[in-house]
Amino acid sequence: MRSPRTEIPPGTLYMLILKALACLGPMHGYGIALHIQQRTDDVLQVEEGTLYPALQRMLVKGWVKAAWRKTENNRRARYYTLTPEGRKQLAAEVQHFDHVIGAIRQVLAHS
Amino acid sequence: MFEWWRKLRVLSDRDQIDAELEEELRVHREMKASDAGEESVKHRVFGSGLILEDCRNAWRWPRLEGWIRDLRYGFRVMARRRGFSATVALTLAIGIGATSTIFSLINTFVLRPLPYPDSERLMALHETRLSAERTPSRVAPERLEDWARLTRTFEGLAGYDLETFSETGGTVPEQVHVASVSPRFFMVFGSPPLVGRLFGWIRRNLASVFYIRFFWVNKLSNNRA
């Protein structure tokens, strides 16, 4: 049975995509979505409607590069690769996220 | 700033971007379908228009381009309904014109101080004859001099009289606006004449005739010795 689908927390989508690319290396959109879904045990599902617009914006921002390649199943797909700016952005976003989550935990831990 | 550059670089490749996005989305759905064990995805392309729109907008300036589209649409509608547009334009023109005219009048006569030093100390004096209907009346030069001699309220008193002459000295006769002013005129206003010098006392204390600026600019500027 599938666990209930959860919305991706606002502001974390870029970080999740960047992290997926950092783990996987060059990957197509479907692979990125699959990676996030599997890593979170199906809790987080990235729909096409959010994934591809985000990837396009990341291309514009210069965090990723894209190139068409053949998949293992001999399909033509667009593969995304992290750029050095993308790596820097990932580090910054992770740090910011940890900072915020730490703060939220402090609030929750207070009794 | 790099974003602008990247967006500008693909301005001419927008069709290609669209085609690539469409293919990418199709591939994504095919892979998803084959993972899920479905053969055909033809009936599952619902909603891709919206996704493509979002993707496309990443490469554009949606707000700016929206404004430009709205402007174009506005002009088209205006061109189609000429009469209505003209009426609106005329209404606006008259409204704005009237308002700014009234403002410039108020600004000149009420808000802006007169262009003389200590202009707030300048006052206009009039003589009113109780019996006469036409008020105020002119002040006789001798009386003005009496006032000037007797006053303790004012530092100085000066008068003027405006006239229009026909100047026939040149090749073409010309209408000239002339003001006769009393001797202390320039002292009272605290500013010297723009050109020329003050005359002495001629013709029964009321002399100092000078051409006002209008005439000087038109005529005398040519032969300013």
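Here the structure is a predicted model, which is why all the values come from computation and not from measurement.
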Do you know which two heavy atoms are closest between A/Ala77 and B/Val27, and how far apart they sit?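 Nearest pair, atom of A/Ala77 first, then B/Val27: CB-CG1, 4.1 Å.
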If I compare all heavy atoms of A/Pro53 with all of B/Cys55, which pair ends up nearest, and what's the gap?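 Smallest heavy-atom distance, with atoms named: N-SG, 3.4 Å.
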With a 4.0 Å cut-off, would you call B/Arg29 and A/Glu48 a salt bridge?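 Yes, B/Arg29 and A/Glu48 are salt-bridged.
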If I measure from the heavy atoms of chain A, does B/Glu53 come under 4.5 Å with its side chain, its backbone, both, or neither?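 Neither part.
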Please classify the contact of B/Leu21 with chain A as side chain, backbone, both or neither, using a heavy-atom distance under 4.5 Å.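 It is both, since atoms from each part get that close.
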Mark yes or no for whether B/Arg6, through its side chain, and A/Val60, through its backbone, hold a donor-acceptor pair below 3.5 Å.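 Indeed, once roles are kept as given, a pair shorter than 3.5 Å links the two residues.
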In this structure, are over 12 heavy atoms from other groups packed under 6.0 Å from [X] atom [atom1]?
{"X": "A/Arg39", "atom1": "CZ", "answer": "no"}
{"X": "A/Arg75", "atom1": "CZ", "answer": "yes"}
{"X": "B/Tyr160", "atom1": "OH", "answer": "no"}
{"X": "B/Glu120", "atom1": "CD", "answer": "yes"}
{"X": "B/Lys7", "atom1": "NZ", "answer": "yes"}

Are B/Glu24 and A/Gln56 close enough that some pair of their side-chain heavy atoms sits under 4.5 Å apart?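 Yes, side chains in contact.
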Atom [atom1] of [X] and atom [atom2] of [Y]: how far apart are they, to the nearest 0.5 Å?
{"X": "A/Leu34", "Y": "B/His28", "atom1": "CG", "atom2": "NE2", "result": "9.0 Å"}
{"X": "A/Asn73", "Y": "B/Ser34", "atom1": "CG", "atom2": "OG", "result": "6.5 Å"}
{"X": "A/Leu51", "Y": "B/Asp54", "atom1": "CG", "atom2": "CG", "result": "12.0 Å"}

Side-chain H-bond candidate by donor/acceptor type, A/Trp68 with B/Glu23, under 3.5 Å: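 Checked: A/Trp68/B/Glu23 side chains show no N/O donor-acceptor pair below 3.5 Å.
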Distance-only donor-acceptor check, side chains A/Tyr30 and B/Asp35, under 3.5 Å: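 A pair is found: one side chain offers a donor N or O, the other an acceptor, under 3.5 Å apart.
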Can you tell which part of A/Arg57 gets under 4.5 Å to a heavy atom of chain B, answering side chain, backbone, both or neither?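 Contact with chain B involves both backbone and side-chain atoms of A/Arg57.
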Show your reasoning for whether side-chain contact (heavy atoms from CB on, under 4.5 Å) applies to B/Trp59 and A/Leu59. CA-CA 9 Å; B/Trp59 291 102; A/Leu59 279 172; 3.6 Å; yes
